[in-house]
Colleague: 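Sharing a structure below in structure tokens format, with a few things to ask.
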Amino acid sequence: MPEGHSIRHLATVHSYGFLGTTVQASSPQGRFAEGAALINNRTMTDVTCKGKHLFFHFDDDIVHIHLGLYGWFTTRKNKGQVPKDAVRLRISNEEYVSDLAGPTACEIFDGQQYAAKLASLGPDPLRDDANPEIAWQKINKSKKTVGQLLMDQSVIAGIGNVYRAELLFLSNQSPFIPGKELPKDKFDSLWRDSVRLLKIGAEDGKIKTVADGHLTDDEVKLHGCSQYSYVYKRTGNPCRVCGDTVQADDMGGRTLYWCPSCQS
DNA sequence: TGAGTATGTTCAG
DNA sequence: TGAACCTACTCAT
């Protein structure tokens, strides 16, 4: 479930399991055989991430991973499990094994490529050094809609379709107005919520945006077992706050969910 | 069992 | 703007 929160979660998990240890690397699927050979039997010196991009550092050789739509990691105690054929990269040490399958990107970067990738991304709400003013300057000058801008990784890094829908709902903000017409206090509210919600999501890797008071009785009974949203994928259902019908529209090839009353 | 859908990005036209 | 990449899951048949 790769939005920024899950990448941060994965960085934490891999730091815990592999940082400072010598790792064995292989590519059962074969498409990352050269890269795996390059980092095999070397010490993982750092794990970093920004937005939806994850980096495993082996001194000056850096594995850049982007999960895309389908990619995922399976990380477990190392009991000698046989990897599936689809595993692009397996890293392991004596204690843990982690299998990566289906990523959009799994490649070796040098320091220059790493710096360029970081520079291409907007501020990441999960990073302490994030400067929201950079995002505001871009939004404030843009004719693109707020809904499009929130998904643009060069504006804010780490927000995807779920968080876009939920953040705009929480700020009672229409997705359809141009960025340059977005009031500053609305942007501040969006940024505050993105920091708050992404941090909650990063703690256990799940997206949690709905306050307990807005869940139905049935959902409260199941609380913790499922993921809930205010508007994401709730087309045709009543809004949890006002009761109006949640709508869906196509925006830039992605489905946008919104409440026409709360976000007018 | 097969169609449809999906939390993303890049590239060709 | 649409297709391609790549895999898991849900739902209808």
Side-chain angles (χ1 to χ4, degrees), chain A residues 1-11 13 27-33 35 49-55 63-75 83-90 98-107 109 113-114 116-122 124-126 144-145 147-170 175 193-194 197-210 222 225-237 246 248-258:
Chain A
M1 305 180 183
E3 291 195 30
H5 71 294
S6 50
I7 305 307
R8 170 58 67 99
H9 181 71
L10 287 170
V13 166
S27 179
Q29 180 206 41
R31 287 181 54 182
F32 189 59
C49 64
K50 186 173 184 183
K52 301 169 186 170
H53 299 260
L54 178 64
F55 305 93
V63 182
H64 166 236
I65 293 162
H66 192 294
L67 293 181
L69 196 51
Y70 318 112
W72 88 101
F73 272 102
T74 307
T75 308
K84 292 181 179 175
D85 292 342
V87 170
R88 181 85 56 93
L89 168 64
R90 160 169 281 202
S98 188
D99 289 339
L100 167 67
T104 287
C106 178
E107 57 196 340
F109 271 6
Q113 290 168 305
Y114 174 64
K117 178 55 73 180
L118 293 190
S120 74
L121 298 166
D124 176 350
L126 282 170
K144 287 186 185 172
T145 64
Q148 287 173 304
L149 289 163
L150 277 188
M151 292 273 284
D152 185 336
Q153 300 301 299
S154 69
V155 176
I156 299 177
I159 292 176
N161 208 16
V162 180
Y163 279 115
R164 167 176 75 171
E166 299 293 285
L167 288 168
L168 287 168
F169 176 86
L170 286 166
D193 278 337
S194 69
L197 293 178
L198 282 164
K199 280 187 175 166
I200 291 172
E203 281 178 16
D204 63 1
K206 292 178 184 171
I207 297 176
K208 289 178 182 172
T209 60
V210 181
L222 293 169
C225 301
S226 303
Q227 295 183 26
Y228 306 107
S229 61
Y230 280 106
V231 289
Y232 177 75
K233 269 199 169 178
R234 295 193 69 245
T235 318
N237 286 300
V246 174
D249 281 282
D250 184 279
M251 182 180 274
R254 308 298 299 281
T255 306
L256 170 75
Y257 304 87
W258 59 294

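Lettering follows sequence order; numbering is per chain, from 1.
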Colleague: side-chain contact (heavy atoms from CB on, under 4.5 Å) with A:K50: which residues, sequence neighbours excluded?
Modeller: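 A:K50 satisfies side-chain contact (heavy atoms from CB on, under 4.5 Å) with A:L118, A:L121, A:D124, A:R127 only.
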Colleague: Report each atom pair, protein N/O against N/O of nucleotides 9-12 of chain C, whose distance is under 3.5 angstrom.
Modeller:
none

Colleague: Strictly distance-based, threshold 3.5 Å: is any side-chain N or O of A:E166 a donor or acceptor partner for the main-chain N or O of A:Y230?
Modeller: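 Yes, the answer is positive, given that a donor and an acceptor are paired below the 3.5 Å cut-off.
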Colleague: What is the minimum heavy-atom distance between A:G4 and A:L126, and which atoms define it?
Modeller: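 Nearest heavy atoms, A:G4 then A:L126: O-CD1, 3.7 Å.
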Colleague: Using whole Å, what does the distance between atom P of nucleotide B:dT10 and atom CG of A:L121 come to?
Modeller: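 Roughly 9 Å, once rounded to whole Å.
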Colleague: Please check this pair: side chain of A:R164 against backbone of A:I159, looking for a donor-acceptor N/O pair closer than 3.5 Å.
Modeller: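 Looks like no, no N/O pair under 3.5 Å.
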Colleague: So, using side-chain contact (heavy atoms from CB on, under 4.5 Å) as the criterion, who are the partners of A:A116 when residues are at least two apart?
Modeller: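 With neighbours one apart ignored, the set is empty.
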Colleague: Counting C-beta onward and ignoring hydrogens, is there a side-chain heavy-atom pair between A:H53 and A:Q153 closer than 4.5 Å?
Modeller: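 A side-chain contact is absent here, since even the closest heavy-atom pair is not under 4.5 Å.
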Colleague: Could you measure between the two C1' atoms, the one in B:dT10 and the one in C:dA8, and give it in whole Å?
Modeller: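 Going atom to atom, C1' in each nucleotide, I get 22 Å.
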Colleague: Okay, side chain of A:H64, backbone of A:F55: is any donor-acceptor separation there less than 3.5 Å?
Modeller: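 No, because the side chain of A:H64 does not come within donor-acceptor range (under 3.5 Å) of the backbone of A:F55.
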Colleague: Sticking with atom C1', work out how far C:dT1 lies from B:dT7, rounded to a whole angstrom.
Modeller: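 Going atom to atom, C1' in each nucleotide, I get 22 Å.
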Colleague: Please report the C-alpha distance between A:L67 and A:L10 in whole Å, then the side-chain angles of each, then the deciding distance to 0.1 Å, and finally whether the side-chain contact (heavy atoms from CB on, under 4.5 Å) criterion is met.
Modeller: CA-CA 11 Å; A:L67 293 181; A:L10 287 170; 3.8 Å; yes
Colleague: Quick one: does A:S27's side chain have a donor or acceptor within less than 3.5 Å of a partner on A:R88's backbone?
Modeller: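 Checking the backbone N and O of A:R88 against the side chain of A:S27, a donor-acceptor pair under 3.5 Å is found.
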Colleague: Between protein and nucleic acid, restricted to nucleotides 1-6 of chain B and to nitrogen or oxygen atoms under 3.5 Å apart, what atom pairs and distances do you find?
Modeller:
residue : atom : partner : partner atom : Å
B:dA6   : O3'  : A:Y232  : OH           : 3.4

Colleague: Mark yes or no for whether A:K199, through its side chain, and A:S194, through its backbone, hold a donor-acceptor pair below 3.5 Å.
Modeller: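 Here the side-chain-to-backbone pair does not exist.
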Colleague: Does A:Q29 reach a base, just sugar-phosphate, or nothing at all? Heavy atoms under 4.0 Å.
Modeller: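 Sugar-phosphate contact only - A:Q29 comes under 4.0 Å of backbone atoms but never of a base.
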Colleague: Just to verify, what does A:A248 make a side-chain contact (heavy atoms from CB on, under 4.5 Å) with, not counting sequence neighbours?
Modeller: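 If we apply the side-chain contact (heavy atoms from CB on, under 4.5 Å) test to A:A248, skipping adjacent residues, the hits are A:T235, A:T255, A:Y257.
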Colleague: What does the list of N/O pairs under 3.5 Å between the protein and nucleotides 11-13 of chain B look like, with a distance for each?
Modeller:
none

Colleague: If you look at every strand shown and take non-hydrogen atoms under 4.0 Å, does A:A105 touch a base, only sugar-phosphate, or nothing?
Modeller: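 Contact class for A:A105: none.
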